[in-house]
Structures are given as structure tokens and as C-alpha cells.
Amino acid sequence: MSTLATETVLQASQSDALQEIQSDFLLQSSLWVNIALAGLAILLFVYMGRDVQSSRAKLIWVATLLVPLVSISSYAGLASGLTVGFLEMPAGHALAGQEVLSPWGRYLTWTLSTPMILLALGLLADADRTSIFTAITMDIGMCVTGLAAALITSSYLFRWVFYLISCAFFVAVLYILLVEWSGAATAADTSEIFQTLRSLTVVLWLGYPILWALGSEGFALLGVGVTSWGYSGLDILAKYVFAFLLLRWVAANEGIVSKAGSGSGTGTATPSDD
């Protein structure tokens, strides 16, 4: 009986979430526009990578292609109400005691897609395995603790504690992008495109914690629909536009990519001479 009751509650929650999404044009459109663009991006990126031959360029292409593949799956989950729920905000929150729609599934998108962005950037810069691993794990930590900050309903203070922890992980990612990988990209002759993509990534990724703080999860200065469009707009630029620029450059400069450095980021390092 307890299992049946749990299933009934989950189904009711999904049904209620779906009705709430469908009744909010801003929220609904922010999800479906992303689904449509992710689908178009998948088709475009498959076409753009059709002639890629080198293993290094292929790895960058696969990592980049996974970004819209993850996004279309995750946004479909949001649009269906599967990864959306209602949370009662704790005392101290601007909406204390009220049930607020929480599209927590976005954090699944970021946890699975942003590491692929970092992997592609690390491979482009010919960064070493350790720094790529560090960037990816710090990024996952950032997303998971961000999810914790969004889901905590027991304490308003702890929402912000996890928010700050997430920001600390983010600082580590920024350090790697801005400091460690810049020199590697110069040595790999990919500095120009790397700097463009790095700047695009850093500027846009800074928008996510700002939106969290301003939206219903933080100070509640922005509504759920407006916040959702903010996140969707950032996703479109930070994922699909980023991926298009990267794949276009890789396809046109595969020779540079294939011979960049020693391939230390791909596991094909060349032994040093004795």
C-alpha cells in the first residue's frame, strides 16, 4: 500500500506540474523553444562532423554533440512535468510558506552537459588529463551543490550555504579556464578560438548564479517564467552557439587539432625520448 501511495503522489505531482507549466506561457515557451533548438542543433552538428577523420577531432565532436543530446532529453523531462516539483519555501525566504514550482531537472542538464563543454575546451587547448579531470569534477560538484541549494526546504540559511559552496566550485572551474588552459592553448596553436570560446563560456556561466540569486530560489525578485527564460537563453548561447562555433572551427582546422601537443588529454601521449 505504501508503494501504491507513493506512486499516486508522484503521478499527482507530475500532473499538477504539467498543468502549471501549460498555464504559464513564459515557462512553457522557454522549455519548448529549447527542445526545438536542441533538435535542430543535433541535426546540424551531425552534418558538420560528417567529414571529421582524426581521433582527437572526433572526440571533440562527440563531446560537443552530447550537449544538445542531453539538453533535448532534459528539457523534454521538464516540459512533461517529470523533473519538476512543488517546494514549500522555508521561513526567512521571501515566499516563505508558499508552494513554488521548482524545475529542478535543469540541474540534471547542467550536471551532464557542462562537463562535455569543459572536455571539448580542454581537448581544444590540449590540456593535460589532470586539469581536465579537475575541471570536470569541480563542475559536477558545482551542479550537485547547486541542486542541493535549490531543493532544501528545511532551512533558508542552508539554501545559501550550499549556494556559496557551489560558487566555490565554480571559482575553481574559472581558475582552470582563465589561467591553466590559456598557456596550453597557445602552445597548441588553438589560442584564438580557445580565447573566444573561453570568454563566451565564462561570461555566460556567470549569469547562472546571478539568476539563481534573483529568481524564486533565492531572493524571489523574478518570477518562475522569467527566470526560466533567463536560464533557457543562457543555455542556448552557452551550449548551441558555443558548440556551433567550436565545431565549425574544428572542421576547418582539423590538421591543427589532430597534431596539437602530444595528445595528453586523449590518452595517446607520446613517450619522451631517453
Residue pair Ser258 / Gly255: nearest heavy atoms and the distance that separates them: OG-O, 3.0 Å

Pairing residues for Asp189 by the side chain to side chain contact (heavy atoms under 4.5 Å, CB included) criterion, not counting sequence neighbours: Ile256

Spacing of CG belonging to Leu27 relative to CD belonging to Glu20, to within rounding of 0.5 Å: 8.0 Å

Arg159 to Ile152 - nearest heavy-atom pair and separation: NH1-O, 2.6 Å

Taking every non-hydrogen atom, the tightest pair across Leu234 and Tyr208: C-OH, 3.3 Å

Distance-only donor-acceptor hits, side chain of residues 32-50, under 3.5 Å, sequence neighbours excluded:
from  : atom 1 : to     : atom 2 : distance (Å)
Asn34 : OD1    : Tyr240 : OH     : 2.6
Asn34 : ND2    : Tyr75  : OH     : 3.3
Asn34 : ND2    : Ser232 : O      : 3.4
Tyr47 : OH     : Arg50  : NH2    : 3.4
Arg50 : NH1    : Tyr47  : O      : 2.8

Got a list of side-chain donor-acceptor pairs under 3.5 Å for residues 132-147, not counting sequence neighbours?
from   : atom 1 : to     : atom 2 : distance (Å)
Thr134 : OG1    : Thr130 : O      : 2.8
Thr137 : OG1    : Phe133 : O      : 2.9
Thr137 : OG1    : Thr134 : O      : 3.0
Asp139 : OD1    : Thr114 : OG1    : 3.3
Asp139 : OD2    : Thr114 : OG1    : 2.6
Thr145 : OG1    : Gly141 : O      : 2.7
Thr145 : OG1    : Met142 : O      : 3.2

Closest contact, heavy atoms only, Glu254 versus Asp51: OE1-O, 4.0 Å

Partner residues of Gln28 under the side chain to side chain donor-acceptor pair (under 3.5 Å) criterion, sequence neighbours left out: none

Nearest-0.5 Å distance that lies between atom CD1 in Ile210 and atom CG in Leu206: 6.0 Å

Atom pair NE2 (His93) and CG (Leu157), whose distance is rounded to the nearest 0.5 Å: 13.5 Å

From CG (Asp16) to CD1 (Ile21), nearest 0.5 Å: 11.0 Å

Rounded distance [0.5 Å steps], CZ in Phe158 versus OG1 in Thr153: 13.0 Å

For Thr196, all residues meeting side chain to side chain donor-acceptor pair (under 3.5 Å), sequence neighbours excluded: none

Minimum side-chain heavy-atom gap Thr186-Phe194 below 4.5 Å: no

Criterion side-chain hydrogen bond (donor to acceptor under 3.5 Å, both in side chains) on Ser74 and Trp110, from CA distance to verdict: CA-CA 9 Å; Ser74 179; Trp110 301 329; over 6 Å; no

Any Leu214 side-chain heavy atom under 4.5 Å of Thr227 side chain: no

Shortest non-hydrogen contact between Lys239 and Thr109, atoms and distance: NZ-CG2, 2.9 Å

Within one Ile-Leu-Val-Met-Phe-Trp-Tyr cluster: Tyr175 and Val203, side-chain cutoff 4.5 Å: no

Residues which pass side chain to side chain donor-acceptor pair (under 3.5 Å) with Tyr156, listed by chain and number, not counting sequence neighbours: Trp160

Partners passing side chain to side chain contact (heavy atoms under 4.5 Å, CB included) against Gln195 (at least two apart in sequence or in another chain): Ser191, Arg198

Intermediate values then yes/no, side-chain contact (heavy atoms from CB on, under 4.5 Å), Val67 and Phe242: CA-CA 10 Å; Val67 174; Phe242 165 94; over 6 Å; no

Show me the donor-acceptor pairs within less than 3.5 Å that the side chains of residues 215-226 make with the rest of the protein, sequence neighbours left out.
from   : atom 1 : to     : atom 2 : distance (Å)
Glu217 : OE1    : Tyr107 : OH     : 3.3
Glu217 : OE1    : Trp212 : NE1    : 3.2
Glu217 : OE2    : Tyr107 : OH     : 3.2

Contacts of Leu18 that satisfy side chain to side chain contact (heavy atoms under 4.5 Å, CB included) - sequence neighbours left out: Gln22

Counterpart residues, side chain to side chain donor-acceptor pair (under 3.5 Å), relative to Ser228 (two or more places apart): Ser30, Arg106

Neighbour count above 12 (heavy atom, 6.0 Å) for Phe162 CZ: no

Side-chain atoms of residues 76-92: list all donor-acceptor pairs with protein atoms under 3.5 Å, sequence neighbours left out, distances to 0.1 Å.
from  : atom 1 : to    : atom 2 : distance (Å)
Ser80 : OG     : Ala76 : O      : 3.2
Ser80 : OG     : Gly77 : O      : 2.9
Ser80 : OG     : Leu82 : N      : 3.3
Thr83 : OG1    : Leu78 : N      : 3.4

Rounded distance [0.5 Å steps], OG in Ser113 versus CD1 in Ile72: 13.5 Å

same_hphob_cluster(Leu211, Trp205) at 4.5 Å side-chain heavy-atom cutoff: yes

Below 3.5 Å, can you tabulate the donor-acceptor pairs from side chains in residues 115-125 to any protein atom, sequence neighbours excluded?
none

Validation row: Val250, Trp61 side chains within 4.5 angstrom (heavy atoms): no

Leu245 reachable from Ile60 in the ILVMFWY side-chain graph, under 4.5 Å edges: yes

Within one Ile-Leu-Val-Met-Phe-Trp-Tyr cluster: Phe244 and Leu246, side-chain cutoff 4.5 Å: yes

Common cluster, Val62/Leu197, ILVMFWY with side-chain heavy-atom separation under 4.5 Å: yes

Residues, nucleotides or ligands: over 12 heavy atoms within 6.0 Å of Glu99 CD: yes

Residues Asp24, Leu101; criterion side-chain contact (heavy atoms from CB on, under 4.5 Å); working and verdict: CA-CA 11 Å; Asp24 188 328; Leu101 187 72; over 6 Å; no

Heavy-atom pair with the smallest gap, counting every atom of Thr64 and Ala243: CG2-CB, 3.2 Å

